[in-house]
Undergrad: 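Attaching a single structure in structure tokens format; questions to follow.
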Amino acid sequence: MGNAKKQSTRHMELLGQTVPHHTAGGLTGGKCIAKHESPYKENSSCSHRWQAFEKALEQKDRYNLSDERLRSAGDGAWSPLFRGGAKAVEKLAKRGEKVALSDENKGMYRHLQGKPGKGDWDVDRGKYNFKWDCNKPYYHEAHHVLPDATLRTALIEAFENPEITLQVVSEILNAPYSVHDKDNMLILPSEEDPQTDHGQA
């Protein structure tokens with residue numbers, strides 16, 4: 001319980017002082033400048049993964065495979081990157097799936113799987129894709145276009161007086177502003193070698 005409390009209050013401090021914060025029950029209205037809601041959590045303005053998913057829904061053509069793209073994928077299998085611990089890898093191995101350590105990316109694996117079929121990679125509220133598991137449907141990350149750490153560093157370095165910094169931050173947040181707003185989020189695939197035919201995400 002103590003750890004959970006630390007996690008929930010860490011984002012509220014800047015230069016050792018408390019700054020405004022509010023988690024709204026929707027996409028807008030939140031006040032936040034730091035990651036603290038890591039998992040995908042619907043109806044939480046501070047959930048950057050949920051905000052990124054909602055942004056992806058607005059840009060389905062970037063993620064969903066058209067019939068033409070499916071035809072061009074050909075047959076065979078791809079070997080995309082996979083992030084998971086020993087238990088996750090062991091679970092895949094028990095199912096007979098091939099997983100091997102990546103030569104290029106420390107702590108990551110290559111997961112041999114069949115090329116996608118119609119709808120396998122679709123962004124859709126009814127699917128598991130792009131939500132709770134960073135490996136579904138392929139390894140991806142929910143990125144901030146303006147990273148939260150970069151924003152905080154810039155705000156601290158822009159002013160010599162800490163009191164002015166805190167005042168500016170408070171006014172920005174009270175706008176209200178949240179660094180996790182869907183307009184600042186983007187889901188991107190992670191690929192070991194984009195020049196190869198395998199592992200494309």
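Owing to the predicted nature of the structure, the values given are computational and were not obtained by experimental measurement.
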Undergrad: Could you walk me through whether H21 and H36 pass ring pair (Phe, Tyr, Trp, His ring centres under 6.0 Å), step by step?
TA: CA-CA 12 Å; H21 176 268; H36 64 97; 5.1 Å; yes

Undergrad: Please tabulate, one pair per line, all N/O donor-acceptor pairs under 3.5 Å involving side-chain atoms of residues 151-161, not counting sequence neighbours.
TA:
unit_1, atom_1, unit_2, atom_2, d
R152, NH1, I33, O, 2.9
R152, NH1, D148, O, 3.3
R152, NH1, D148, OD2, 3.1
T153, OG1, A149, O, 2.9
N161, OD1, E163, N, 2.8

Undergrad: Determine the minimum heavy-atom distance between Y40 and K131, stating which atoms define it.
TA: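 Heavy atoms only, the tightest pair is CB-O, 3.5 Å.
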
Undergrad: So H48 and K182, do their side chains get closer than 4.5 Å, heavy atoms only?
TA: no

Undergrad: Can you get from M185 to L173 by hopping between Ile, Leu, Val, Met, Phe, Trp and Tyr side chains that sit under 4.5 Å apart?
TA: no

Undergrad: Do you know the tightest heavy-atom contact between T23 and S44?
TA: CG2-OG, 3.5 Å

Undergrad: Determine the minimum heavy-atom distance between S72 and R69, stating which atoms define it.
TA: OG-O, 2.8 Å

Undergrad: Have H144 and H180 got a donor and an acceptor in their side chains that come within less than 3.5 Å?
TA: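 Note: H144 and H180 side chains meet the donor-acceptor criterion.
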
Undergrad: If you draw a 6.0 Å radius around CZ in R62, do more than 12 non-hydrogen atoms from other residues or ligands fall strictly inside?
TA: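 No, not enclosed.
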
Undergrad: Do the side chains of V99 and M108 join up, straight or via other hydrophobic residues, at under 4.5 Å, putting them in one cluster?
TA: no

Undergrad: Would you name the heavy atoms of L27 and S45 that are closest together and state the gap between them?
TA: O-CB, 4.3 Å

Undergrad: Under the rule for side-chain hydrogen bond (donor to acceptor under 3.5 Å, both in side chains), what residues qualify as partners of K118, not counting sequence neighbours?
TA: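 Only D67 meet the side-chain hydrogen bond (donor to acceptor under 3.5 Å, both in side chains) criterion with K118.
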
Undergrad: Using a 3.5 Å distance criterion without hydrogens, assess whether the side chain of D133 forms a donor-acceptor pair with backbone atoms of N135.
TA: yes

Undergrad: Do W78 and L70 belong to the same hydrophobic cluster, where Ile, Leu, Val, Met, Phe, Trp and Tyr are linked whenever their side-chain heavy atoms lie under 4.5 Å apart, directly or via other members?
TA: yes

Undergrad: If only atom types and distance count, is the side chain of D120 paired as donor or acceptor with the main-chain N or O of G117 below 3.5 Å?
TA: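 Pair found, side chain donor or acceptor close to backbone of G117.
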
Undergrad: Passes salt bridge (charged side-chain N to carboxylate O under 4.0 Å, His left out), R110 versus E104? Steps please.
TA: CA-CA 10 Å; R110 281 203 161 283; E104 305 277 328; over 6 Å; no

Undergrad: Tell me, yes or no, whether the heavy-atom count around E68 atom CD, taken from other residues, nucleotides or ligands under 6.0 Å, exceeds 12.
TA: no

Undergrad: What is the ring orientation for F82 with Y109, classed by angle as parallel under 30°, tilted 30 to 60°, or perpendicular over 60°?
TA: perpendicular

Undergrad: Looking at every non-hydrogen atom in both residues, tell me the closest pair between G30 and P176 and how far apart they are.
TA: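 In this case the closest contact between G30 and P176 is O-CB, 3.7 Å.
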
Undergrad: Give the C-alpha distance, both sets of side-chain angles, the deciding distance and a yes or no for side chain to side chain donor-acceptor pair (under 3.5 Å) between H111 and E97.
TA: CA-CA 8 Å; H111 176 205; E97 300 186 42; 2.5 Å; yes

Undergrad: Applying the 4.5 Å side-chain criterion to the ILVMFWY set and letting contacts propagate, would L92 and Y128 be lumped into a single cluster?
TA: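 Shared cluster, no.
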
Undergrad: Could you tell me the separation between the OG1 atom of T165 and the CD atom of Q17, rounded to the nearest 0.5 Å?
TA: 11.5 Å

Undergrad: Fit a plane to each ring of H140 and Y138, take the angle between them on a 0 to 90° scale, and name the class: parallel (under 30°), tilted (30 to 60°) or perpendicular (over 60°).
TA: perpendicular

Undergrad: Identify the two heavy atoms, one from D122 and one from K127, that lie closest to each other, and give their separation to 0.1 Å.
TA: O-CD, 3.6 Å

Undergrad: Looking only at atom types and distance, does a side-chain atom of N64 sit under 3.5 Å from a main-chain N or O of V123, one as donor and one as acceptor?
TA: yes

Undergrad: Are L112 and L101 in one and the same hydrophobic cluster, where Ile, Leu, Val, Met, Phe, Trp and Tyr link if side-chain heavy atoms are under 4.5 Å apart?
TA: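 Shared cluster, no.
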
